[in-house]
Each structure stands twice: as structure tokens, then as C-alpha cells.
Amino acid sequence: MDPFAEAETNFLEHYPDYWTTTPIEALRHAEYGQLNRLGHCYLDYTGAGLYAGTQIKEHMQLLLADVFGNPHSSSPTSALATRLLERARGAVHDFFNASPDEYIVVLTRNATGALKLVGESYPFDDASRFLLTLDNHNSVNGIREFARTRGAAVNYSPLMLPDMRIDRESLAAHLEASGDTTHKLFAYPAQSNFSGVQHSLDWIEFAHARGWDVLLDAAAYVPANRLDLERVKPDFVCVSFYKMFGYPTGAGCLIARKAVVPKLHRPWFSGGTITVASVKGDRHYLHSGPEAFEDGTPDYLSAPAIEIGLKQLTGIGYEMIHARVAALTGWMLEQLGALRHGNGMAVARIYGPDTMDARGGTLAFNIFDKDGQFIDHRIVEERAAAMNISLRTGCFCNPGGGEVALGISEEELSACFSRTPSGMTLDDFRVCIDDKSSGAVRISFGLVSNFEDAYHFLQFAMRFVDKRAVDI
């Protein structure tokens with residue numbers, strides 16, 4: 001038996017649930033044929049999902065079948081465009097089980113756009129609080145600048161090593177200690193885009209019971225996990241659709257609870273957001289619905305692609321997607337974790353959980369040589385690219401997760417930033433943190449990943465066995 005066949009047989013014996021996902025293999029050949037045709041090993045699903053051929057064809061056919069105009073009118077072409085927008089909103093409501101009686105759906109360019117809407121509109125003041133976990137995307141971290149500008153207290157709750165999970169006692173203490181402060185916002189990711197940790201959704205109601213509004217970053221979670229907003233009820237949810245189904249890339253949404261929306265106060269108005277605006281009268285009136293947050297003309301021609309993409313995921317089913325991702329991730333955790341140099345030293349150091357307990361299909365790690373010296377993640381990326389492997393390196397816009405994983409202390413960072421107060425490059429940063437890595441390698445499995453992808457990457461990782469960093 002050849003090595004690949006033997007490895008695949010062993011994999012299927014240990015992960016029998018993978019058998020239930022065989023329809024995805026046929027789907028990969030039929031709808032994502034460019035992967036095999038071009039020999040791509042795509043392992044960056046946390047960066048972006050991939051689109052199916054029928055998604056593109058159906059969208060193009062719809063656009064070619066009629067004439068659509070700017071929706072801010074009542075003309076026939078405008079009315080058609082408005083219907084496309086409302087159908088897209090309706091599809092989001094249905095997909096996330098978010099009742100229109102309880103939630104509004106604001107169409108944005110991406111999850112970052114959704115987060116900025118919350119940050120700039122939330123009523124932060126010198127009596128309010130903003131609480132985050134150290135494990136957050138920079139688009140969530142950036143909200144702290146809105147909060148601090150208006151005098152709000154900003155706090156970070158730590159993570160626990162080695163699994164990089166939320167420190168439950170510390171977070172509970174932060175949520176309990178806020179007292180009767182009127183406006184309190186707690187933001188955290190359902191799944192870490194750094195370590196793949198899935199943080200408990202139970203924190204939503206725990207925070208609600210203590211008077212907090214909750215912003216859930218679901219961007220890394222929903223590509224392979226169902227989020228049912230009838231079961232859990234965060235006040236704000238952000239999503240990027242391209243991470244779920246690849247196309248279109250300029251579309252995301254903010255799903256917001258109607259009960260909390262009145263708290264938001266937009267710092268400006270624009271075309272599309274108002275019912276009436278006057279120059280001489282010096283007044284304006286915002287829309288009462290999601291349009292109040294959709295600045296300018298919405299991307300009405302991309303809107304149908306959202307409905308088409310959600311239909312694609314629904315047709316496959318989250319149970320099948322999740323089972324496939326879990327099997328491949330579990331196997332990779334075992335194999336990569338067991339990889340050793342001839343002297344017994346580990347080849348890879350995985351950051352985060354080493355089992356599939358409450359974790360997703362994202363693995364962050366660094367490669368180490370036989371002397372225990374890390375191999376620059378940029379070199380790993382370069383070597384992977386030469387083998388047509390798409391992965392990602394750096395801190396993945398999650399500096400808190402990276403700092404915890406890589407052991408970069410607050411003292412080191414303070415000294416580093418004081419040395420270069422006017423600006424900093426990555427090379428400046430590397431000097432500041434001595435001989436520690438400034439980032440990691442990340443692979444992530446998704447919708448049409450298969451065992452061949454996982455095996456191909458493992459063979460790549462084995463090329464570093466018994467090598468020295470200085471030679472590489």
C-alpha cells in the first residue's frame with residue numbers, strides 16, 4: 001500500500017464520521033474543480049471561503065435577466081433593486097433564525113464595517129464601560145478608540161494558557177464589578193481567528209443578567225458552525241459573507257436586536273440613511289430601520305449573491321460541514337503534534353487546544369528546528385507557496401492572541417513602543433521582542449477541504465524534520 005493510501009485508511013478508521021461527508025467530495029469536483037485542476041492546497045478558510053461555480057452562474061443569470069437601478073427611488077428599476085435588498089435581508093433572517101420582530105439586518109461591506117457601526121454609534125461616555133477579551137480581532141480592538149475618546153473605561157479580560165481559553169474567574173469578576181453603569185458593552189469572538197478556540201456562548205446571558213450589552217464577533221465561527229439567534233441572543237452580531245461562502249467579497253452584515261438599536265446614535269447622516277434632511281432648516285431625520293446605518297447607495301447588485309450563497313450552505317448542511325472540518329482538524333492536531341526531530345524535540349508548537357473539545361478548524365503554530373529555534377514564519381509561508389499551499393502567517397489581526405501565545409510580555413511591549421513612538425515597522429517590532437517570534441503559521445480547514453489537503457500539508461511540515469534554522 002502506498003503511503004497516502006495507508007494514511008487515508010488509518011484516518012478513516014479513527015474518524016469514521018468523515019464517511020458521512022462524502023457528498024462534499026463530489027461537490028468539490030463538480031463545483032470547485034479549479035482546486036484539483038490547478039493543484040491548489042487551500043488551507044486559509046479562516047481568511048476567506050471559496051465559492052462554487054453555480055453561485056457565480058446563478059448570480060450572473062439574475063443580473064442579465066433584468067434591469068436594476070439605484071434603490072433610492074420608486075422607479076421600476078429601483079423597485080427591483082429594493083426587492084433584491086429585502087430578499088437578501090430576509091435570507092439572513094431565515095439563515096440565522098433571527099426573527100424580524102426581534103432583529104434588524106444591516107448590510108455592510110464586511111464584519112469590520114459592522115463593528116465600526118457599533119463602535120461609532122454606541123453611547124460611550126465617562127460613566128460607561130467597554131470590556132473585551134485579549135482574544136479579539138483588531139476590528140473589535142479598534143472600538144476601544146471610540147470608547148476612550150469619549151471617556152469610557154476600557155478593560156481586557158485575560159486568556160489562560162496553554163489552551164488560550166477565557167479566564168472564567170477573571171471575566172466573571174469584570175462582568176460582576178460594573179455596578180449600575182448605564183451603558184456597558186462586552187465584545188468577544190464566538191471562535192478565535194488565532195487559535196480556533198470556541199468561547200462559550202453562555203457568556204451572552206451571563207453578561208445580560210448583569211446589565212451588559214453583548215457584541216458577538218461571529219466571523220470565524222459561522223463558516224462551519226450554526227448560529228441560532230433564537231437560542232442565543234447577543235445584541236450585536238457581525239459577519240463577513242465571503243468567509244462563509246467566498247462570494248461576494250464586499251458583503252457582510254450587522255444583526256442587531258431591535259430592543260438595543262435605539263441606544264445607537266449615529267455621528268453623522270448621509271444619502272440613504274435619512275427620511276428627511278434640510279439645509280435651511282438645519283435638521284435631519286434618520287430612517288427607523290436598518291437603512292439608517294447603510295451609508296450611501298448599498299451594493300444592491302451584490303445582494304442577490306448573499307441569498308445564493310446562504311442557499312448553497314443550507315443545501316449542504318452545517319452538520320456535514322462541521323463533521324468534515326472536525327475530522328480533518330482532529331487528525332492534523334494529532335499528526336502535527338506528534339511530529340518529532342530525530343533527537344525527540346517537537347517540530348511544531350501548537351497554540352491553543354490540542355483536542356477538538358470546543359475548538360474549530362483553525363490551527364496556529366510555529367515550526368521549530370532540531371535545536372529548539374523557531375523558523376521564521378515568513379520563511380515557512382514562502383516554502384509553502386512554492387508547493388502551491390495557501391496558508392497564512394503573522395498575528396492574523398489578533399495581537400492579543402499572538403502576544404499570549406508567543407509569550408510577549410506587557411513590559412517588553414511598553415519598552416518597545418517607547419523606543420519608536422512615531423511609528424513602527426515589523427522589523428522594528430522584531431528587534432524589540434528580542435529572539436521571540438513576531439507571529440505564527442495558521443492553517444484552517446473549511447467547506448471543501450479534504451484529506452488530500454491535510455496529507456499534503458503534513459508532508460510539507462515533515463520537510464523541516466532534523467533541519468536547523470540557520471541552514472534553512
Side-chain angles (χ1 to χ4, degrees), residues 85-86 88-108 110-125 128-133 136-137 139-140 143 146-147 152 175 178 180-191 199-222 225-241 244 251-267 273 286-295 298 306 310:
L85 291 168
E86 294 313 310
R89 278 191 235 281
V92 175
H93 279 291
D94 292 344
F95 188 85
F96 292 103
N97 200 17
S99 169
D101 295 331
E102 189 171 5
Y103 293 93
I104 65 169
V105 172
V106 179
L107 299 177
T108 64
N110 42 39
T112 294
L115 291 164
K116 184 173 183 289
L117 285 174
V118 176
E120 69 183 10
S121 304
Y122 194 79
F124 291 118
D125 58 28
S128 60
R129 300 187 65 172
F130 181 42
L131 175 63
L132 313 85
T133 65
N136 264 308
H137 191 279
S139 297
V140 179
I143 294 175
F146 290 117
L175 292 169
S178 59
D180 296 327
T181 304
T182 305
H183 300 302
K184 303 179 292 188
L185 181 63
F186 168 46
Y188 79 108
Q191 179 174 311
H199 300 299
S200 175
L201 299 180
D202 292 343
W203 287 113
I204 297 169
E205 286 312 307
F206 186 91
H208 279 165
R210 288 147 185 83
W212 290 79
D213 299 319
V214 179
L215 189 165
L216 186 71
D217 177 3
Y221 181 80
V222 292
N225 303 274
R226 179 170 297 283
L227 180 63
D228 184 343
L229 295 180
E230 182 61 33
R231 188 178 67 83
V232 295
K233 298 181 181 293
D235 301 287
F236 308 105
V237 180
C238 68
V239 167
S240 281
F241 291 118
M244 299 174 68
C253 76
L254 171 68
I255 307 173
R257 288 181 63 219
K258 285 185 174 180
V260 181
V261 169
K263 284 189 178 185
L264 303 181
H265 300 287
R266 300 225 58 200
T273 64
L286 287 173
H287 273 285
S288 59
E291 295 88 350
F293 298 90
E294 294 174 352
D295 298 331
I306 298 171
L310 293 175

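Numbering starts at 1 and runs along the sequence shown. All figures in this text were calculated on a predicted structure; none of them were measured in a lab. Atom set for the values below is all heavy atoms of this structure, side chains included, hydrogens, waters and symmetry mates excluded.
Rounded to the nearest 0.5 Å, atoms CZ (Arg129) and CZ (Phe124) are 12.0 Å apart. Distance check: Phe130 CZ to Lys184 NZ gives 14.5 Å after rounding to the nearest 0.5 Å. Leu254 CG to Thr108 OG1: the interatomic distance, rounded to the nearest 0.5 Å, is 7.0 Å. Atoms SG and NE2, on Cys253 and His93 in that order, are 9.5 Å from each other to the nearest 0.5 Å. Once rounded to the nearest 0.5 Å, the distance linking CD1 of Ile204 with CH2 of Trp212 reads 15.0 Å. To the nearest 0.5 angstrom, Thr273 atom OG1 is 7.5 Å from His287 atom NE2.
Taking Pro123 as the reference, His183, Lys263, His265 meet the side-chain contact (heavy atoms from CB on, under 4.5 Å) condition, with sequence neighbours excluded. Residues that satisfy the salt bridge (charged side-chain N to carboxylate O under 4.0 Å, His left out) test with Asp217, not counting sequence neighbours, are absent from this structure. Listed by chain and residue number, Glu102, Glu230 satisfy the salt bridge (charged side-chain N to carboxylate O under 4.0 Å, His left out) test with Lys233 (two or more places apart in sequence, or in another chain). Partners of Ala91 according to the side-chain contact (heavy atoms from CB on, under 4.5 Å) rule, which considers only residues two or more places apart in sequence or in another chain, are Glu307, Leu310. Looking at residues two or more places apart in sequence or on another chain, you find a side-chain hydrogen bond (donor to acceptor under 3.5 Å, both in side chains) between Glu205 and His208. Scored by the side-chain hydrogen bond (donor to acceptor under 3.5 Å, both in side chains) test, His199 finds Asp135 as partners (sequence neighbours excluded). Shown here are the ring-ring contact (aromatic ring centres under 6.0 Å, His included) partners of Phe95, two or more places apart in sequence or in another chain: Tyr318. In terms of the salt bridge (charged side-chain N to carboxylate O under 4.0 Å, His left out) criterion, residue partners of Arg266 (sequence neighbours excluded) are, by chain and number, Glu120, Asp295. Taking the ring-ring contact (aromatic ring centres under 6.0 Å, His included) definition, one finds that Phe186 meets it with Tyr188, sequence neighbours left out. Residues satisfying the side-chain contact (heavy atoms from CB on, under 4.5 Å) criterion with Ala218, sequence neighbours excluded, are Val222, Leu227, Val237, Val239. Contacts of Ser240 classified as side-chain contact (heavy atoms from CB on, under 4.5 Å), with partners at least two apart in sequence or in another chain: Asn110, Ala111, Tyr242, Lys243. For Glu291, there are no salt bridge (charged side-chain N to carboxylate O under 4.0 Å, His left out) partners two or more places apart in sequence or in a different chain.
Put simply, the side chain of Arg231 reaches to within 4.5 Å of the side chain of Leu201, judged on heavy atoms. The closest side-chain heavy-atom distance from Val214 to Asp235 is below 4.5 Å. Inter-residue side-chain proximity for Leu117 and Leu264 is flagged as unmet; no heavy-atom pair is nearer than 4.5 Å. Contact of the Pro189 side chain with the Val140 side chain is not registered, since no non-hydrogen atoms from C-beta on lie closer than 4.5 Å. Side chains of Leu215 and Ile143 form a contact here, defined as non-hydrogen atoms less than 4.5 Å apart. Glu294 places a side-chain heavy atom less than 4.5 Å from the side chain of Val106.
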Worksheet item: Going through the distances and angles, do Leu216 and Tyr221 end up as a side-chain contact (heavy atoms from CB on, under 4.5 Å)?
Response: CA-CA 10 Å; Leu216 186 71; Tyr221 181 80; over 6 Å; no
Discussion item. Test side-chain contact (heavy atoms from CB on, under 4.5 Å) on Tyr122 and Asp213; report intermediate values, then the result.
Written reply: CA-CA 10 Å; Tyr122 194 79; Asp213 299 319; 2.6 Å; yes
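Of the listed residues (Val261, Leu107, Val118), just one forms a side-chain contact (heavy atoms from CB on, under 4.5 Å) with Phe293, and that residue is Val261.
Using a distance-only test at 3.5 Å, with no hydrogens or angles considered, a donor-acceptor pair links the side chain of His137 to the main chain of Ser139.
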